[in-house]
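Quick caveat: nothing in here was measured; it's all calculated off a predicted structure. Protein chains get the first letters and strands the later ones, always in sequence-line order, with residue 1 at the start of each.
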Amino acid sequence: MKFDVNAIDKKWQQYWKDHKTYRTTNDKDKPKFYVLDMFPYPSGAGLHVGHPLGYIASDIITRSKRQQGFNVLHPMGFDAFGLPAEQYAIDTGVHPSESTAKNTKRYKEQMESLALSFDWDRAVNTSDPNYYKWTQWIITQVFDSWYDNKADKARPISDLIAHLSSHGTRDLAAAETEPLDISAEAYNAMSAREQSEVLMNYRLAYRGDSSVNWCEALGTVLANDEVKDGRSERGNHPVVQRAMTQWKLRITAYSERLLAGLDTVDFSDGLKAQQRNWIGRSTGAQAFFDIEGHDKQLEVFTTRPDTIFGTTFMVVAPEHDLVPELTTPEQQKEIDDYLAYVGSRSEVDRQAETKVTGAFTGSYCINPFTKKRVPIYISEYVLKDYGTGAIMAVPSDDDRDERFAKKFGIEIIDVIDKSDYPGATNKDKVGKMINSDFLNGLEVADAIKVATEKLVEMGIGQGQVNYRIRDLLFSRQRYWGEPWPIIYDADDVPHAVAPADLPVELPPMDDFRAVAGESPLERATDWKITPAGRRETDTMPATAGSNWYYLRYMDPNNDGEFVAKDVVDYWQDVDLYVGGAEHAVSHLLYSRLTHKFLYDMGKVPTREPYKKLLNQGMIGAPIVSIHLGIMLSEDGQRHPVWIGSGVAENSPLEIEGFGKGHLVLDEAALTRKVPLRMVEETSVDNEMMYRIYKEQIDELASDDAQDAAYFRTVLGQADTFVWETDKNGKQYLELSYQMGKMSKSKHNVINPDDICARYGTDCFRMYEMFLGPIDQAKPWSVSGIDGVYRFLRRFWNLFTSDSDALKVSDAEPAKEEMKVLHTLIKKVSEDIEKLSFNTCVSAFMVATNDLGKMKCNKRAVLEPMTRLIAPFAPHIADELYHALGGEGSVHLAPFPEVEEKWLVKDSFTYPIAFNGKTRLTLDFPAGASKEDIEAAAKENPDVQKQLEGKTIRKVIVVPKRMVNFVVG
RNA sequence: GCCGUCGUGGCGGAAUUGGUAGACGCGCUGGAUUCAAAAUCCAGUUUCUUCGGAAGUGUGGGUUCGAUUCCCACCGACGGUACCA
């Protein structure tokens with residue numbers, strides 16, 4: 001029996017594969033537990049050490065639940081559609097289906113070598129037609145549905161058609177793009193095309209005009225969450241606003257339920273807050289202002305109807321529909337100039353500077369409360385897409401309105417006396433109303449109510465709730481996604497493709513470059529034209545496939561349904577979902593939406609897809625840089641040189657072959673990143689340092705690794721090195737470093753394969769868990785992994801003799817030994833439940849150290865330990881379990897249960913504190929009463945010494961905790 | 001600006017309901033073993049100290065017999081978000 005980690009890894013990985021140890025059946029007799037990892041997009045770079053953090057954590061939960069008798073669903077799959085694969089294809093000419101297949105294979109191999117206990121027979125791939133058939137089926141269901149606000153659920157479109165043809169829009173409370181007023185007669189008299197347009201106003205998947213994020217470089221529109229700071233999240237290309245007709249999902253119909261559902265799930269507060277912010281619910285009032293000399297009114301949304309008396313001007317968005325009508329001839333030029341200015345500014349410009357700009361239209365509104373004329377301006381600071389695209393401006397109580405008023409010389413009327421609330425800002429919504437006629441003297445909260453009632457009474461407004469969230473843009477003009485399963489007939493009326501005709505497969509294409517905002521599928525003419533009409537050529541975004549994948553794992557090979565009813569009734573929902581926080585809004589919000597829709601359709605039994613969510617923290621790595629300087633030699637020559645990070649400008653230098661001189665650092669003294677592998681991590685005077693040694697560089701000549709080639713290129717950029725010498729006489733350069741995200745371009749990616757090959761998979765798994773709390777960001781550092789390796793070796797040594805032979809005794813274990821075992825079982829069981837894996841590893845170390853000191857080799861202690869450590873170190877556990885004569889795999893053996901009788905203590909060690917400061921400890925029997933302890937403590941000579949010359953004012957005794965003397 | 005998370009030795013981090021701050025590991029120091037090295041093992045390692053002790057969990061206050069933990073104010077780091085009416 002040898003502690004050969006690589007051989008043990010290989011042996012057991014093969015065993016588990018051969019025996020299908022992790023196969024999960026839909027066995028309804030056992031209690032279920034569903035542990036899900038966010039499935040990855042399989043990129044060409046493979047996994048780095050940051051990825052497995054979550055995978056290992058969920059695997060530990062999975063294995064322990066399995067050992068506890070649960071039927072555990074723990075699947076993995078691939079989010080294979082999407083922009084990156086397609087961009088890669090365009091860059092390299094490799095078809096996305098090919099690169100995806102290759103990367104998927106690599107990911108699977110890496111995951112297998114990490115001993116992640118997935119049931120690979122249930123794997124899904126979103127780009128597989130057998131999978132996206134059901135993605136398309138779901139979207140046809142969404143297309144053929146509308147949202148009934150009265151029933152507060154989605155209903156079939158046929159119900160809506162029946163309603164429209166018998167009652168028109170009367171008594172219809174539906175989620176809609178815009179309010180319609182159509183009689184039954186009018187509806188029935190419409191052409192098929194016109195009726196279809198009416199239905200589009202209500203469908204949950206609909207085609208509509210709007211201003212969208214257009215990315216020229218990617219040739220497609222993007223959803224709001226795919227745009228960051230006016231640039232595309234993928235590729236960092238500029239994004240502009242453009243009016244286009246696009247497919248959308250009516251997520252706004254579900255705003256309220258998406259908010260309410262957050263209270264029922266176990267997600268972190270931060271994540272819930274992010275979703276709430278994204279939905280952005282705000283309560284206020286709708287109000288209509290008369291426009292002087294016009295029939296039309298200007299509609300605004302305000303959260304502060306109490307401040308209408310302070311409204312001294314109006315502002316509408318530059319893109320607002322009424323702008324042309326409002327603009328008077330005298331103001332035409334000014335408005336045109338301003339619109340031209342706005343048009344010239346990109347999203348990035350607009351966000352970068354928040355100058356006060358605007359222009360007067362020449363028109364006026366009438367303030368409904370004061371009856372005064374208030375001028376109407378246009379300005380960038382009012383957004384077309386929020387509220388009604390128009391505001392009533394109250395310069396006294398809104399900072400932006402105030403800045404605008406000051407710039408344009410508009411009157412400011414104070415309407416709120418905040419003197420009772422020192423330090424209150426406008427956002428606090430507090431104070432007493434002044435200069436406001438019937439509102440005077442009211443507190444703001446009351447005034448809001450009264451003012452809203454007044455608006456209703458006057459018939460010019462009402463209370464209203466507004467949301468920031470927009471309908472979800474669900475079209476992409478790209479190739480690598482699910483085609484929208486829609487066919488337009490001869491009248492251009494869209495129809496969902498019948499279930500029997502799904503999937504609508506992607507046509508094979510070689511050139512799928514997007515051209516001028518047109519989907520590449522437009523060019524697949526044979527595919528596009530069908531007997532029933534022309535196909536929709538837009539594809540769906542990557543979220544389409546990932547929105548519902550957790551359901552497909554339950555029943556991955558079902559040809560007749562996306563998931564069978566009895567199966568989903570058994571598995572229900574995800575008990576624990578593990579993944580990165582970067583999906584806080586997009587993926588999690590959209591899959592919650594899909595789930596709620598399926599719930600309305602009666603297809604899933606639960607209201608929320610994910611019960612509990614765990615976000616693993618990012619693992620950072622040092623980005624190490626080498627410094628370039630110039631040596632100005634005495635003869636005036638300039639030589640670029642590599643120097644240590646600590647060498648200051650003007651330091652005298654002397655280099656063989658270059659002569660004497662001094663160091664110059666200028667703009668060109670760039671720092672170059674170096675691959676981590678070439679770098680030595682050391683600690684000098686307790687300071688963490690990174691060094692590169694001369695002897696390592698000398699070795700590079702014989703190394704043909706990619707890193708080395710890069711490094712040689714870097715090193716070629718200077719004439720020589722200015723070496724420093726350490727105490728052993730070795731020459732080195734000191735490097736500077738900072739912590740950062742792992743990325744290929746920073747040369748700080750650490751591949752788990754390398755670590756596993758060197759230390760074994762079990763060591764890697766335990767080390768990742770040992771790094772710290774799972775949900776916190778932390779730096780990767782190789783130092784420390786040796787400690788975990790040593791621990792595993794010591795753990796192994798408990799079972800073996802010096803000559804590596806199994807040496808386990810059947811003798812009765814001592815009480816102390818059983819206490820160590822059960823303390824460990826208790827700690828590990830509790831901490832797994834708390835998702836506190838780092839403390840589990842510590843507990844294993846403590847127990848191993850203790851048993852090592854006791855020289856314990858009793859089977860009754862060691863055998864349960866193999867079952868206990870199995871979720872963490874699956875290979876070594878199975879090896880030792882079998883060595884002890886275990887049958888089957890340790891991973892199907894019962895998880896040890898704590899026996900409290902071994903944990904009962906006869907006595908407790910009490911800290912004895914004086915005025916709260918602990919000075920000594922004393923042992924008292926476990927059953928001792930407060931009085932006994934106090935009396936015994938007072939008699940103790942050490943205590944008396946502490947009490948000398950002092951008066952005891954009070955003695956606090958907490959049994960089984962501590963004793964505190966309050967003295968004076 | 002707003003929302004959220006987090007501040008503990010040289011480093012990663014631990015500390016149950018408010019009850020011995022620094023578990024465990026790394027690193028470092030000294031020692032054993034060795035021809036030597038690696039590996040392994042043992043001891044020490046918060047800071048200051050007049051060697052009696054004293055201080056100490058970002059800063060300043062508060063509650064308490066007792067605060068890393070609870071409350072208030074502030075400072076800093078990270079993540080998200082932003083003319084959102």
Side-chain angles (χ1 to χ4, degrees), chain A residues 228-229 268-274 276-278 280 282 284 300-304 307 315 350-351 353-356 379-383 385-394 397-401 403-404 425 427 466-469 581-582 584-585 615 617-618 620 681-688 739 767 770-773 775-788 790-791 793-794 797 827 830 834 836 838-846 848-849 852 909-921 953-958 960-967:
Chain A
K228 291 255 158 17
D229 300 325
S268 69
D269 290 343
L271 194 127
K272 286 185 183 184
Q274 269 188 61
R276 289 198 186 101
N277 289 342
W278 192 263
S282 62
V300 299
F301 172 75
T302 177
T303 56
R304 300 296 303 274
T307 61
V315 187
R350 206 173 144 148
Q351 286 176 14
E353 43 165 346
T354 53
K355 264 195 303 189
V356 179
S379 173
E380 261 190 332
Y381 85 86
V382 173
L383 308 175
D385 281 332
Y386 186 75
T388 62
I391 63 160
M392 47 171 253
V394 184
D397 280 276
D398 183 290
D399 299 340
R400 292 152 309 167
D401 295 349
R403 270 185 284 144
F404 194 88
T425 66
K427 288 192 192 271
N466 219 325
Y467 301 91
R468 193 187 82 111
I469 193 170
E582 64 272 22
V585 173
N615 287 124
M618 194 192 77
E681 186 181 322
T682 113
S683 167
V684 178
D685 296 335
N686 282 338
E687 288 268 344
M688 187 67 85
M739 282 295 164
Y767 181 58
F770 191 55
L771 283 172
D775 54 350
Q776 261 169 47
K778 47 192 129 348
W780 172 268
S781 158
V782 259
S783 73
I785 195 165
D786 293 304
V788 175
R790 280 197 279 269
F791 150 70
R793 181 74 228 214
R794 280 200 301 273
N797 288 346
K827 175 80 177 153
E830 284 172 0
K834 285 193 291 188
S836 173
N838 54 329
T839 51
C840 288
V841 180
S842 296
F844 278 117
M845 289 173 170
V846 171
T848 302
N849 291 347
T909 304
Y910 285 77
I912 311 298
F914 300 86
N915 288 338
K917 306 231 183 279
T918 304
R919 288 290 175 263
L920 56 123
T921 60
R953 297 196 191 280
K954 202 174 173 185
V955 182
I956 289 140
V957 179
V958 183
K960 299 186 184 181
R961 281 256 186 263
M962 46 66 67
V963 177
N964 188 17
F965 287 91
V966 184
V967 294

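- Following rounding to the nearest Å, Met962(A) (CE) and A67(B) (C1') show an atom-to-atom distance of 13 Å.
- Comparing Arg919(A) and Val841(A) by the nucleotide of RNA chain B that holds the closest heavy atom to each, the one mapping nearer the 5' end is Val841(A).
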Under 4.0 Å protein heavy-atom contact, by nucleotide of nucleotides 76-85 of chain B - B base, S sugar-phosphate only: ----SSSBBB

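- Picking from A55(B), A14(B), G66(B) the nucleotide with the shortest atom distance to the side chain of Lys917(A) gives A55(B).
- Across all strands, Ser842(A) comes closer than 4.0 Å to base atoms (heavy-atom distances).
- Separation of the P atoms belonging to A67(B) and U16(B) is 16 Å when rounded to the nearest angstrom.
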Which nucleotides of RNA chain B pair, in dot-bracket form (Watson-Crick or G-U under 3.5 Å, | meaning another strand): (((((((..(((......[....)))((((((.......))))))(((....)))..(((((..]....))))))))))))....

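- Between the CG atom in Asn915(A) and the NZ atom in Lys917(A) there is a gap of 8.5 Å [rounded to 0.5 Å].
- Checking the phosphate oxygens (OP1, OP2) of A15(B), no side-chain nitrogen or oxygen of Thr839(A) falls inside 4.0 Å.
- Minimum atom distance to the side chain of Met845(A) is reached by G25(B), of the listed G25(B), C3(B), G19(B).
- Between atom SG of residue Cys840(A) and atom NZ of residue Lys834(A) there is a gap of 9.0 Å, rounded to the nearest 0.5 Å.
- One C1' atom belongs to G7(B), the other to G52(B), and the distance between them is 35 Å to the nearest Å.
- Of all the heavy atoms in Gly389(A) and Val382(A), the pair that sits closest is O-CG1, 3.5 Å.
- Of the C1' atoms belonging to C3(B) and G22(B), the separation is 33 Å, rounded to the nearest Å.
- For Tyr910(A) (side chain) and Lys960(A) (main-chain N/O), a donor-acceptor pair under 3.5 Å exists by modelled atom type.
- Between Arg790(A) and G25(B) there is no side-chain polar atom (N or O) within less than 4.0 angstrom of OP1 or OP2.
- Here the P atom of nucleotide U20(B) and the CG atom of Leu920(A) are 14 Å apart, to the nearest Å.
- For the atom pair CE (Met845(A)) and CZ (Arg794(A)), the distance works out to 7.5 Å, reported to the nearest 0.5 Å.
- Considering every non-hydrogen atom in both Pro773(A) and Lys778(A), the closest pair reads O-NZ, 3.0 Å.
- In this entry the distance linking NZ of Lys778(A) with P of U5(B) reads 17 Å, nearest Å.
- Between the CZ atom of Arg953(A) and the P atom of C65(B) there is a distance of 13 Å, given to the nearest Å.
- In this structure, Ala273(A) reaches the sugar-phosphate backbone alone: every heavy-atom distance under 4.0 Å involves primed, P, OP1 or OP2 atoms, never a base.
- Using P as the reference atom, A77(B) and C71(B) are 24 Å apart when rounded to the nearest Å.
- Separating the OH atom in Tyr381(A) from the CD1 atom in Ile391(A) is a distance of 3.5 Å, to the nearest 0.5 Å.
- Taking the C1' atom of each, G19(B) and U64(B) are spaced 12 Å apart, rounded to whole Å.
- At least one donor-acceptor pair under 3.5 Å links the side chain of Asp401(A) to the backbone N or O of Val394(A).
- The OG1 atom of Thr918(A) sits 8.0 Å away from the CG atom of Asn964(A) when rounded to the nearest 0.5 Å.
- Using a 4.0 Å heavy-atom distance criterion, Asp786(A) is classed as making no nucleic acid contact.
- Applying the 90° cutoff around 0 to the glycosidic angle, G9(B) is assigned syn.
- Residue contacts for Val846(A): at a heavy-atom cut-off of 4.0 Å it reaches the sugar-phosphate backbone alone, with no base atom in range.
- The phosphate of U40(B) has neither OP1 nor OP2 within less than 4.0 Å of any side-chain N or O from Asn797(A).
- A syn orientation is assigned to G52(B), its glycosidic angle lying within 90° of 0.
- C83(B) and G13(B): their C1' atoms are spaced 43 Å apart (whole Å).
- Distance Phe965(A) CZ to C65(B) P: 17 Å, rounded to the nearest Å.
- One atom, CG of Asn849(A), and another, P of A43(B), lie 11 Å apart when rounded to the nearest Å.
- Heavy atoms only, all atoms of each residue included: Thr848(A) and Phe844(A) are closest at OG1-O, 2.7 Å.
- Between U50(B) and G66(B), the two C1' atoms lie 30 Å apart (nearest whole Å).
- Taking atom CZ on Arg794(A) and atom P on A39(B), their separation rounds to 14 Å, with Å as the unit.
- When the C1' atom is compared between A82(B) and G27(B), the two are found 44 Å apart, to the nearest whole Å.
- Looking at heavy-atom distances under 4.0 Å, Leu771(A) makes contact with sugar-phosphate atoms alone, never a base.
- Checking C6(B), U20(B), C65(B) against the side-chain heavy atoms of Thr918(A) singles out U20(B) as nearest.
- Separation of atoms NZ (Lys355(A)) and OG (Ser379(A)) is listed at 12.0 Å; rounding is to 0.5 Å.
- Asn915(A) has its CG atom 11 Å from the P atom of A67(B), to the nearest Å.
- Here the closest heavy-atom approach between residue Phe301(A) and residue Thr388(A) is recorded as N-OG1, 3.9 Å.
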